[in-house]
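In what follows, a single structure is set out as structure tokens and then discussed.
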2 protein chains.
Amino acid sequence: MDTADELRIEAPHRELLDQILDKWSLSVLNELCERPCRFNELRRAIPQVTQKSLTATLRRLERNGVIAREVVSTRPVAVRYRITPLGKTLRSPVDALLAWASQNMPAIERARQEFATREEEESSFRLER
Amino acid sequence: MDTADELRIEAPHRELLDQILDKWSLSVLNELCERPCRFNELRRAIPQVTQKSLTATLRRLERNGVIAREVVSTRPVAVRYRITPLGKTLRSPVDALLAWASQNMPAIERARQEFATREEEESSFRLER
DNA sequence: CGGTATCCGAGGCGATACTG
DNA sequence: CAGTATCGCCTCGGATACCG
């Protein structure tokens with residue numbers, strides 16, 4: 001029942017991670033951790049993202065309370081995004097994960113090559129006989 | 001150019017996170033951290049996963065060197081999956097992230113409700129006028 | 001037992017065009 | 001400036017059926 005509990009607990013975790021660790025979130029979070037940014041400022045900082053995806057990412061992050069959106073009613077309007085206190089607390093666990101990735105990238109690269117080699121051997125084995 | 005560097009570095013990170021933090025990986029990793037498992041043992045432990053997705057998940061994790069697959073050539077064959085030393089090192093950063101999620105779930109829930117409320121107000125505002 | 005093969009629908013994401 | 005709207009691809013994952 002321990003296991004079953006973990007699995008039930010896990011569903012919201014998964015949903016949350018999907019929202020916070022999606023394709024562009026880390027770049028955005030990274031940028032907003034340094035300073036508050038305007039929309040187009042973020043686009044320039046992350047050139048590969050499209051308007052649509054950036055908007056979607058910002059909405060998701062805002063919805064989950066890790067960033068805040070404030071509108072200054074000038075003409076034309078100015079919009080400023082900034083990280084929230086909650087968002088700041090996300091930094092250290094995420095950084096830990098990225099640090100893990102950096103440190104172990106060589107080992108992972110080796111593992112991938114070995115895997116590819118094993119695959120090749122298998123297929124040539126099947127062909128031989 | 002600091003920024004540009006970070007972004008170029010980030011691509012492999014993203015790819016890696018996509019492979020390791022995908023829908024079922026955490027459950028599988030969690031299970032294999034406790035003990036080595038047979039294929040169907042994992043299915044029973046994680047009842048919601050389909051054969052196909054479990055196979056795909058195991059292959060991905062194996063490819064990246066965090067789990068190992070060993071085949072015992074009996075009849076019928078027995079397959080055993082176990083966590084690798086590399087895989088074990090993944091635990092602490094992942095746990096940190098899950099701990100963050102658990103701790104802040106209430107705050108996130110509040111943020112979502114506020115967001116929903118703001119959305120409603122906006123749409124009713126537009127209808128009024 | 002431990003998988004493959006195939007079909008399918010939902011959703012993520014990009015490209016492009018348009019707007020207050 | 002800061003978006004929305006639309007289209008279309010493409011991958012992920014579930015359902016189902018079959019296999020050594």
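Letters A, B, ... are given to chains in the order of the sequence lines, protein chains preceding strands, and every chain is numbered from 1. This is a predicted model, so every value here is computed, not measured.
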- Item | Any Tyr81(A) side-chain N or O less than 4.0 Å from OP1/OP2 of dG3(D) |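 Result: yes.
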- Message: Between Arg38(A) and dA2(D), is there a contact of a side-chain N or O with OP1 or OP2 at under 4.0 Å?
- Response: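 So the side-chain polar atoms of Arg38(A) do come within 4.0 Å of the phosphate oxygens OP1 or OP2 of dA2(D), strictly under.
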- Does some side-chain heavy atom of Val28(B) sit less than 4.5 Å from a side-chain heavy atom of Val49(B)?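 No, side chains not in contact.
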- Determine whether Leu42(B) and Leu58(B) make a side-chain contact, defined as any pair of heavy atoms from C-beta on separated by less than 4.5 Å.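 A side-chain contact under 4.5 Å exists here.
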What integer distance in Å separates [X]:[atom1] from [N]:[atom2]?
X	N	atom1	atom2	result
Asp18(A)	dT11(D)	CG	C1'	14 Å
Arg69(A)	dC1(D)	CZ	P	16 Å
Phe39(A)	dC1(D)	CZ	P	11 Å
Arg43(A)	dG3(D)	CZ	P	11 Å

- Query: What stem regions, each of at least 3 consecutive Watson-Crick or G-U pairs below 3.5 Å, can be found for DNA chain C?
  - Reply: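 The stems are C:1-20 with D:1-20.
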- Message: Side chains of Asn64(A) and Arg59(A) only: does a donor on one sit below 3.5 Å from an acceptor on the other?
- Response: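 Their side chains do not contain a donor-acceptor pair, so the 3.5 Å distance test is not met.
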- Would Arg110(B) and Asn104(B) count as having a side-chain donor-acceptor pair, cut-off 3.5 Å?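 Absent: no donor and acceptor within the cut-off.
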- Start at the 5' end of DNA chain D and walk down; is the nucleotide closest to Ala78(A) or to Asp22(B) reached first?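 In this pair, the answer is Ala78(A).
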- Task: Working to the nearest 0.5 Å, report the span between CG of Asn30(B) and CD1 of Ile46(B).
- Result: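 So the gap between those two atoms works out to 8.5 Å.
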- Rounded distance [0.5 Å steps], OG in Ser25(A) versus CG in Asp18(A):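 Nearest 0.5 Å value for the OG-CG distance: 10.5 Å.
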- Message: Closer than 4.0 angstrom, basic N to acidic O: yes or no for Glu62(B) and Arg118(A)?
- Response: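 Salt bridge flag = yes for Arg118(A) with Glu62(B).
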- Do NZ/NE/NH1/NH2 and the carboxylate oxygens of Glu15(A) and Lys23(B) come within less than 4.0 Å?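 Here Glu15(A) does not pair with Lys23(B) in a salt bridge, since their nearest N and O are not under 4.0 Å apart.
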- Task: For side-chain contact (heavy atoms from CB on, under 4.5 Å), just list the numbers for Glu70(A) and Val79(A), CA-CA rounded to whole Å, side-chain angles, deciding distance to a tenth of an Å, and then say yes or no.
- Result: CA-CA 6 Å; Glu70(A) 52 193 286; Val79(A) 178; over 6 Å; no
- Item | For Phe115(A), the option from Arg112(A), Gln113(A), Glu119(A) that meets side-chain contact (heavy atoms from CB on, under 4.5 Å) |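 Exactly one pass, corresponding to Glu119(A).
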- Message: Out of the candidates Ile67(B), Leu90(B), Thr84(B), Ile83(B), only one should pair with Leu61(B) under the side-chain contact (heavy atoms from CB on, under 4.5 Å) rule; please name it.
- Response: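 The passing option is Ile67(B).
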- Task: Take nucleotides 14-20 of chain D nucleotide by nucleotide from the 5' end and write B, S or -, depending on whether a protein heavy atom sits under 4.0 Å from the base, only from the sugar-phosphate, or from neither.
- Result: BB-B---
- Nucleotide range of DNA chain C contacted by chain B, 5' to 3', under 4.0 Å to a heavy atom?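 First-to-last contact on DNA chain C, by the 4.0 Å heavy-atom rule, is dC1(C) to dC7(C).
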- Message: Using a heavy-atom cut-off of 4.0 Å across all strands, would you classify Arg80(B) as base, sugar-phosphate, or nothing?
- Response: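 Touches nothing.
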- Task: Could you say whether Asn40(B) or Arg59(B) is positioned toward the 5' end of DNA chain C, judged by the nucleotide with the nearest heavy atom to each?
- Result: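 Upstream on the strand: Asn40(B).
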